[in-house]
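Beneath this line is the structure, given in C-alpha cells, with notes to follow.
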Amino acid sequence: MPVYNSDVAEVFNRVAALLEIEGANEYRVRAYRDGARTVSTLSRDVSEMVDEGEDLTELSGIGENLADKIEEIVKTGGLAQLRELEQRTPPELVEILDIAGLGPKRVQIIHQELGVTSLDELQEAAEEGRIRELHGLGEKTEEKIREDVARWNAADNRTRRDLAEDMVEPLLDFLRDLDDVVEAEPAGSYRRKKETIGDLDILATSEAGARVISEFVDYEDVEEVVSEGETRATVIFRSGLHVDLRVVAEGSYGAALLYFTGSKDHNISLRSLALDAGLKINEYGVWEKAADSSEPTQIAGEAEREIYSLFDLEWIPPELREDRGELDAARDGDLPDLVTVDDICGDLQTHTTSSDGRASLEEMAEAAQALGWEYIAITDHSGYVGVTQGLDADALEEWIDEIQRLDEKLNDITLLRGIEVDVLEDGSLDLPDGVLEKLDLVICAVHSHFDLPRPQQTERLIRTMDNPNCHILAHPTGRRIGGRAGLELDMERLMEAAVERGCFVELNAQPDRLDLNDVYCRMAKERGLKVAISTDAHSVEEMRFMRFGVYQARRGWLEPQDVLNTRSWDDLHQLIER
DNA sequence: GCCGTTTTCGGCCCGACTGTTTTCAGTCG
C-alpha cells in the first residue's frame with residue numbers, strides 16, 4: 001500500500017498529540033509537529049525519497065530519529081511507537097485537545113480523574129457537573145467546555161476567505177472611525193491570504209487601548225465576549241467567527257503587525273535569529289539588552305521593514321510567511337517577485353448562458369473589457385455532465401462561429417474560442433478531435449468518477465494530456481473547500497507528465513476551489529510547469545474572483561513568468577501550441 | 001527530538017488573559 005506525505009504527517013501529528021497528553025517534553029512534542037509540517041509541505045513524495053535511499057536528515061527538522069520513523073512508516077504503513085502510545089492513552093483524547101480551554105494538562109486530568117475518553121463523554125461529564133469538582137477547574141471552565149463541545153459538534157470551524165472578507169471590511173471601517181484608533185489592519189492568516197481562516201486577527205494602534213477594546217466588544221456583530229483585557233479582546237461574531245483585536249501604541253505597530261501576522265512558525269524562526277544576534281523580539285519591538293542590567297532599550301518596532309532589515313533580511317510578503325524557506329530566501333536576496341492582479345492579462349476560463357453560465361456572451365465580453373483584460377476565453381461545458389447543459393460537437397461548431405462574429409466586432413479585447421471538455425473515465429475526451437482542433441483553447445476537466453484509486457486516477461489524467469488538443473488541466477484535484485476532498489493523484493508524476501507533453505495546469509480562482517493549492521503551485525514552479533489562473537466565472541460578478549487565485553498563487557511563490565496568463569495572447573498562443 | 005563558524009549538551013519565542021488561586025498554572029496565538 002502506497003504511503004503519502006499526508007499519511008506520514010498524520011502519524012507524526014498523532015504521536016505529538018498523545019505525547020503531549022502524556023506530559024512529554026514540549027520541545028519533543030514540537031519536534032514531531034515540525035516534522036509533520038516539513039513532510040506535508042514537501043514538494044516531493046517522501047516515500048520516493050526513501051525508496052531511492054536519499055538522506056532524509058537533510059530536510060529541516062528531520063533528524064536521525066524522525067528519519068528512521070519516516071522509513072518505518074513508508075515501509076510498513078505504520079509506526080510501532082504510535083501503536084504503543086495508543087495502547088497507553090486512548091486515541092480519542094486527541095480530539096478533546098481541540099476544545100477551547102483544554103490543553104494537555106487538563107485533558108490528562110479529565111481522563112485520569114473522570115475516565116473521560118471521548119467528546120461525548122466529555123459533554124456528559126460537563127453536563128453532570130463533574131468537571132467543576134476537579135482541582136484547578138471550576139464552574140466557568142465547565143460551562144465553557146459545554147458550550148465549545150456543542151459548537152464543535154455543530155460545524156466546520158474554518159471560514160472561507162471570501163466570506164471572511166464580507167465581515168472584515170465593515171469591521172475595519174467601524175474601528176477606523178473610532179476617535180481613539182489611529183490605524184486598524186487585519187493580521188493573521190487573513191493577511192497571509194490563506195484560503196480559509198480559523199479566526200480573524202485585527203491589529204489597531206491607539207494610545208487608549210482600554211477604550212478601543214470596550215467599543216469593540218459592543219460592535220453590532222459581536223454575540224459573545226470570550227475575553228477582554230486592556231490590550232486584547234476575543235469575541236465571537238453572530239456568524240460564529242472568532243475575532244481577536246489587539247491594540248498597541250504607534251511605536252510598536254510594525255513589531256505588532258509582524259507578530260500577529262505570523263505564522264507562528266515564521267515568528268519562532270525569526271525570534272531565533274534575534275536571539276543569535278543577542279536581541280529580543282516581542283510584539284512591542286526589538287530590544288537590545290543593556291550592558292549593565294538596566295532595562296533593555298527598544299531599537300526598532302515602528303515598521304516591519306525596519307525589523308527585517310535589522311537581521312539583514314528583505315521585507316517578506318505576508319503570503320510567504322509560513323517558514324517554508326522564506327527567511328533563507330530573504331537573507332540571500334532570493335525572494336520571489338510575486339505575481340499581482342495587475343500582471344494578469346486575461347481570463348482563461350469563463351462560462352456563458354450557452355452552458356451553465358448566467359450571463360450572455362456579449363455581457364461577459366463587456367465585463368472583461370471593463371476589467372481591462374486583453375483577452376477572455378469562452379469555455380462553456382461539453383455535454384457529458386447533464387446538469388451543465390453543455391455543447392455537443394454540432395452545437396460547438398455553431399458556437400465557435402458566434403464567438404468569432406462577436407470577436408470581429410470588438411476592438412479592445414480578443415475573445416478566445418474555447419471549451420471546458422469533460423474527461424471521461426478512461427481519460428479520453430467528451431468531444432471528437434476534429435472539433436477540438438478548431439478551438440483556440442481546450443481546457444480539460446474531471447466532473448465524474450472522483451473516487452478512482454490513485455494510480456488509476458493519475459493514469460487517467462496523463463492519458464488526457466496525451467491528446468495534443470489538451471492545453472490545460474482545469475481544477476486538477478477537483479477539491480471543494482469545506483466539501484469534497486478531491487481526487488487521489490500522484491501530483492508529482494502528473495506534473496512531470498504535463499511538462500513532458502507541453503500541457504499546463506490551472507489554478508481555479510473560485511473561492512471554494514482554489515485548486516491548485518499553494519503547495520502544489522510551488523511544486524509546479526519547481527518543475528517549470530506554468531500555471532493558468534482562471535476565474536471559472538459563471539457570471540459577470542465572478543470575473544472579479546481573479547484576486548483569490550492570485551492570492552493563492554502568491555502563497556505558492558509564483559512570479560509573473562510562472563503564470564500563463566500574464567502574457568499577451570500572441571505569446572500565450574505560441575506557448576500552448578503543441 | 002532537533003541542532004550547532006560560540007555548543008555533541010543544553011538550549012529550544014514570548015506575552016496576555018482567565019480562572020482558580022492567595023501567587024500562579026494552563027492555555028492560546
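Reminder, nothing fancy here: chain letters follow the sequence lines and each chain counts from 1. Just so you know, these numbers come straight off a predicted model, no measurement behind them.
Sorted by first and then second residue, the pairs that involve residues 233-242 of chain A and meet salt bridge (Lys or Arg N to Asp or Glu O under 4.0 Å), not counting sequence neighbours, are A:Asp221-A:Arg238.
Atom name C1', nucleotides B:dG10 and B:dG15: the rounded distance is 24 Å, in whole Å. Comparing the C1' positions of B:dT22 and B:dC3 gives a spacing of 42 Å, expressed to the nearest Å. The separation of B:dT23 from B:dC28, taken at their P atoms, amounts to 25 Å, rounded to a whole angstrom. Comparing the C1' positions of B:dC24 and B:dT20 gives an interatomic distance of 9 Å, to the nearest angstrom. Distance check on atom C1': B:dC12 versus B:dT7 gives 13 Å, rounded to whole Å. For the C1' atoms, the distance linking B:dC17 with B:dT8 amounts to 40 Å, nearest Å. Using P as the reference atom, B:dT21 and B:dA16 are 24 Å apart when rounded to the nearest Å.
With sequence neighbours excluded, the residues satisfying side chain to side chain contact (heavy atoms under 4.5 Å, CB included) with A:Pro170 are A:Tyr219. With sequence neighbours excluded, no residue forms a side-chain hydrogen bond (donor to acceptor under 3.5 Å, both in side chains) with A:Tyr253. By the side chain to side chain contact (heavy atoms under 4.5 Å, CB included) test, A:Val341 is found to be paired with A:Arg547, A:Val550, residues two or more places apart in sequence or in another chain being considered. Partners of A:Asp98 by side chain to side chain contact (heavy atoms under 4.5 Å, CB included), not counting sequence neighbours, listed by chain and number: A:Trp152. Listed by chain and number, the residues in a side-chain hydrogen bond (donor to acceptor under 3.5 Å, both in side chains) with A:Glu121 are A:Thr117 (sequence neighbours excluded). Checked against side-chain hydrogen bond (donor to acceptor under 3.5 Å, both in side chains), A:Asp201 has the following partners two or more places apart in sequence or in another chain: A:Arg246. Applying the side-chain hydrogen bond (donor to acceptor under 3.5 Å, both in side chains) rule to A:Glu48 yields the partners A:Arg44; only residues at least two apart in sequence or on another chain are considered. Partners of A:Glu143 by side chain to side chain contact (heavy atoms under 4.5 Å, CB included), not counting sequence neighbours, listed by chain and number: A:Arg146, A:Glu147.
A:Leu270 comes within contact range of no nucleotide atom at all, as no heavy-atom separation falls under 4.0 Å. Residue contacts for A:Asn267: at a heavy-atom cut-off of 4.0 Å it reaches no nucleic acid atom on any strand shown. Across all strands, A:Lys140 comes closer than 4.0 Å only to sugar-phosphate atoms, never to a base (heavy-atom distances). Within the nucleic acid shown, A:Tyr284 comes within 4.0 Å of sugar-phosphate atoms alone, with no base atom in reach, counting heavy atoms only. Contact annotation for A:Ile99: backbone-only contact, meaning every heavy-atom pair under 4.0 Å involves sugar-phosphate atoms and none involves a base.
Where A:His135 and A:Ser269 each meet DNA chain B at their nearest nucleotide, the meeting point lying more 5' is that of A:Ser269. Heavy-atom nearest nucleotides on DNA chain B were determined for A:Tyr259 and for A:Ile281, and the one closer to the 5' end corresponds to A:Ile281.
With hydrogens and angles disregarded, a donor-acceptor distance shorter than 3.5 Å links the side chain of A:Thr38 to the backbone of A:Asp34.
Within residues 23-45 of chain A, the residues that have a heavy atom under 4.0 Å from DNA chain B are, in order of number, A:Asn25, A:Tyr27, A:Arg28, A:Arg30, A:Ala31, A:Tyr32. Using a 4.0 Å cut-off on heavy atoms, the residues of residues 231-250 of chain A that approach DNA chain B are A:Thr231, A:Arg232, A:Arg246, listed by number.
Within the shown strands, B:dG11 is the pairing partner of B:dC2 under the Watson-Crick or G-U definition, both distances less than 3.5 Å.
The only option from A:Arg554, A:Arg522, A:Lys525 that meets the salt bridge (Lys or Arg N to Asp or Glu O under 4.0 Å) definition with A:Glu559 turns out to be A:Lys525. If you run side-chain hydrogen bond (donor to acceptor under 3.5 Å, both in side chains) between A:Glu20 and each of A:Gln108, A:Arg33, A:Arg30, only A:Arg33 comes through.
Here chain A contacts DNA chain B (any atom closer than 4.0 Å to a heavy atom, that is under 4.0 Å), and the contacts span B:dG1 to B:dG29 from 5' to 3'.
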